[in-house]
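Single-structure report; data block below.
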Amino acid sequence: MRYYEEPSKTIPFAEETEVLVIGGGPAGFGAALSSARMGKKTMLIEQSGAIGGVATTGIMSHWTGHQQGGIFAELREKARDCECGQAINPEKLKMLMLGMLIEAGVTVQMHTFFSNVIMENERVTGAIVESKSGREAIACKILIDSSGDGDAAAAAGVPFQKGRSEDGGMQPMTIMFKVAGVDMDRAMFFWCFEDTVELPEGDLQTLGRQELPAPAGHILLYPSSLPGIVTVNMTNMIDVDGTNVRDLNRAEYTCRCQIDQIIAFLRRHVPGYEGCYLVDSANTVGVRETRRFQAHYEMHEDDISQARIFEDWVVTKSRFFFDLHNVTGAGLDKSGEYKNFVQKDTYTIPLRCFIPLQVKGLLLNGRNISGTHKAHSSYRVMPIVMNMGQAMGVVAAQCINEQKEPLELDIHAVQAALLAQKVVQP
C-alpha cells in the first residue's frame, strides 16, 4: 500500500463550547436540547443538512419501540399536527426538531463532518471537524458521541465490539422508500416479518422469498402521514460494515437497484398496490448496527426481558422486542423475538452503560452504548435513544457544574433533574 505523508498545519479553533454533541439524529437531538436547557453552552455537529437522522433524512415510516416521558413524549406532542398515529412526517419533523434546538439556544452546525478528537492525556477536550469552511477545531469540556457508529469514541481509543460475538455479523442495511398511487381502501399493510396473507398464487411472504432479489425477500409496508402514500421497508443488504465507506457505497447501490423490482412485485401481488409508483427514497442507506463500546456496564438481553430496574437508571420506561434483522438474509434473525417476546413491562438503562472505559470527557449516546448484540436490537430504536440523549445532556451539565466525573455524581441528583424534565419514574 502506498502512503502520503500529510504536512502538518495549524488548525484554527472555530468555537469554544461547554458541551459538544457529535451527530444530530434522535440521540444527538435529545442530548443537545437537554444540555442547553440545563444552561450549558451547547454546540451540535451534523454531517447532513437536516436534524433527525433516520427519522428525517432516512424517511423512517414510524416511531418504533415504546418510550414514555421525557423529550420523546414532548416531541410527539409537538408533532401531533404533522403525524398520523405512529407515522412520521419527515419534512415537518425536520423543521420542528431544528426549531426546538434553536429555541433552546443550541449552536447547530450542519453540513459538517467529524474528523478526529482532540485529547490531553486521557481526556477529550475537543474535536476536529471538516466542512466547506475547511478543517477547524472546536474546544469543549464534554463531548457527547451521538454519531451512531461511535466515531468520536473510536478515535479516542475506546475499546469496542461489532456484531454478534461468534462472527461479528451485523444486522443488514436498508434504504427506505415511499410509493404513491396506492388504493388505500384496499391496501394491505405488514408491520412485521411474520405478518402475511394467503393469496391465490400463494403465501405473500413466501412469494417474497421466491421472487424478490436476494438478500431482499420480506414484505414490510406501513401507512404514511400523507394520503395515498405508503412507506416501504423492503430493500436489504447483508455482509456490510457501516464504518467502511466502500461497504456503504455497495449497500447504497444494491438497495437502490432493488427498488424497481420491489415495486414490480407489489404491483403484481399485493392488493391495492397495482398502480403504485416511486415518489421518494431516503437520502442515505440506513445502518442498524456497528460499534458497541466497552463501558462500566454492558446491557444484557436478560436486563430487558426481565424488565430490570437499575439503581443508577438514567433512562426509564423503555420497551421494544428484540428486533434482530437477519444477519444472513431476509426476515427476522433466528435470535430475534417478535411474537414470542412476552415481556410486557418496561426496562431501564443504567448510567454505567454510557461511561466509556479508559477515556474521560466523553459520553456514549445512542446505539453505540455498551450492550450485547441482542440487547442492542431492542434499545437502538429512535424513541429510546432520544431519551438516552436527554439523560446524557443532564449528566454533562452536572459534571460541568460540579467539576466531577460522571460516576462521581450523586445519582439521585441526576435522577431528580431528569424527573424535573418529565422523565417518568421507573
Side-chain angles (χ1 to χ4, degrees), residues 58-66 84-88 171-225 228-238 254-255 257-279 281-282 286 288 319-344 374 377-378 380-381:
I59 65 169
M60 182 61 185
S61 52
H62 61 289
W63 298 109
T64 56
H66 173 90
C84 179
Q86 290 284 100
I88 294 171
Q171 294 191 65
M173 298 182 192
T174 296
I175 288 179
M176 304 286 286
F177 66 93
K178 293 184 179 184
V179 292
V182 179
D183 181 350
M184 300 302 283
D185 292 331
R186 300 170 48 242
M188 293 181 171
F189 303 103
F190 301 88
W191 293 87
C192 73
F193 300 118
E194 294 158 327
D195 288 348
T196 191
V197 64
E198 192 66 32
L199 300 171
E201 58 268 41
D203 172 78
L204 181 61
Q205 293 287 0
T206 301
L207 290 170
R209 298 292 195 279
Q210 294 171 347
E211 298 184 18
L212 290 170
H218 55 252
I219 291 83
L220 293 172
L221 301 169
Y222 313 115
S224 79
S225 59
I229 294 180
V230 172
T231 304
V232 184
N233 182 3
M234 291 172 57
T235 69
N236 205 46
M237 182 61 177
I238 60 172
T254 300
C255 288
C257 286
Q258 294 170 358
I259 291 176
D260 282 348
Q261 296 175 75
I262 291 169
I263 291 174
F265 176 89
L266 297 178
R267 289 173 175 168
R268 190 164 60 245
H269 290 298
V270 185
Y273 293 78
E274 295 87 352
C276 72
Y277 54 92
L278 179 68
V279 291
S281 64
R288 293 183 174 89
R319 184 178 182 273
F320 195 45
F321 62 94
F322 295 113
D323 186 24
L324 268 171
H325 292 233
N326 190 354
V327 172
T328 59
L332 192 70
D333 190 83
K334 62 183 180 180
S335 298
E337 297 178 25
Y338 178 65
K339 290 186 177 178
N340 293 328
F341 185 75
V342 297
Q343 177 53 263
K344 301 299 182 185
K374 187 169 182 177
S377 72
S378 174
R380 68 178 173 84
V381 292

How far apart are the closest heavy atoms of [X] and [Y], and which atoms are they?
X	Y	value
Phe320	Gly65	CD1-CA, 3.3 Å
Ala330	Ala216	CB-C, 4.0 Å
Tyr222	Phe189	C-CD2, 3.8 Å
Gly202	Leu207	O-CD1, 3.9 Å
Cys255	Met237	SG-CB, 3.9 Å
Leu220	Met234	N-CG, 3.5 Å

Query raised in the report: Do Ile59 and Thr231 have side-chain heavy atoms sitting under 4.5 Å apart?
Result: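 SC-SC contact between Ile59 and Thr231 ruled out.
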
Query raised in the report: Is the closest side-chain heavy-atom distance between Tyr277 and Ile263 below 4.5 Å?
Result: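 Answer no - side chains too far apart.
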
Measure the [atom1]-[atom2] distance between [X] and [Y] for me, rounded to the nearest 0.5 Å.
X	Y	atom1	atom2	answer
His218	Thr174	NE2	OG1	6.0 Å
Phe193	Asn233	CZ	CG	7.0 Å
Arg319	Ser378	CZ	OG	9.0 Å
Ile219	Phe265	CD1	CZ	4.0 Å
Leu204	Leu199	CG	CG	5.5 Å
Gln258	Leu212	CD	CG	8.5 Å

Query raised in the report: For the side-chain contact (heavy atoms from CB on, under 4.5 Å) test, which of Val232, Ile229, Val230 pairs with Lys178?
Result: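 Single pass found, and it is Ile229.
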
Query - Under-4.0 Å salt bridge between Arg380 and Asp323 - result: yes

Backbone N/O of [Y] and side chain of [X]: donor-acceptor pair under 3.5 Å:
X	Y	answer
Gln171	His325	yes
Thr64	Val381	no
Glu274	Gly272	yes

Query raised in the report: What residue pairs, at least two apart or across chains, pass salt bridge (charged side-chain N to carboxylate O under 4.0 Å, His left out) with a residue in residues 187-214?
Result: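 Counting only pairs at least two positions apart or across chains, the salt bridge (charged side-chain N to carboxylate O under 4.0 Å, His left out) contacts touching residues 187-214 are Glu211-Arg268.
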
**Report entry** With sequence neighbours excluded, residues passing side chain to side chain donor-acceptor pair (under 3.5 Å) with Asn326
**Finding:**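 Scan of Asn326 (side chain to side chain donor-acceptor pair (under 3.5 Å), adjacent residues dropped) gives Thr328.
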
Query raised in the report: Would Val197 and Phe190 satisfy side-chain contact (heavy atoms from CB on, under 4.5 Å), going step by step from the backbone distance to the final call?
Result: CA-CA 9 Å; Val197 64; Phe190 301 88; 3.9 Å; yes

Report task. With side-chain contact (heavy atoms from CB on, under 4.5 Å) as the test, would you mind laying out the steps for Lys374 and Glu337 before giving the verdict? Result -> CA-CA 10 Å; Lys374 187 169 182 177; Glu337 297 178 25; 2.9 Å; yes

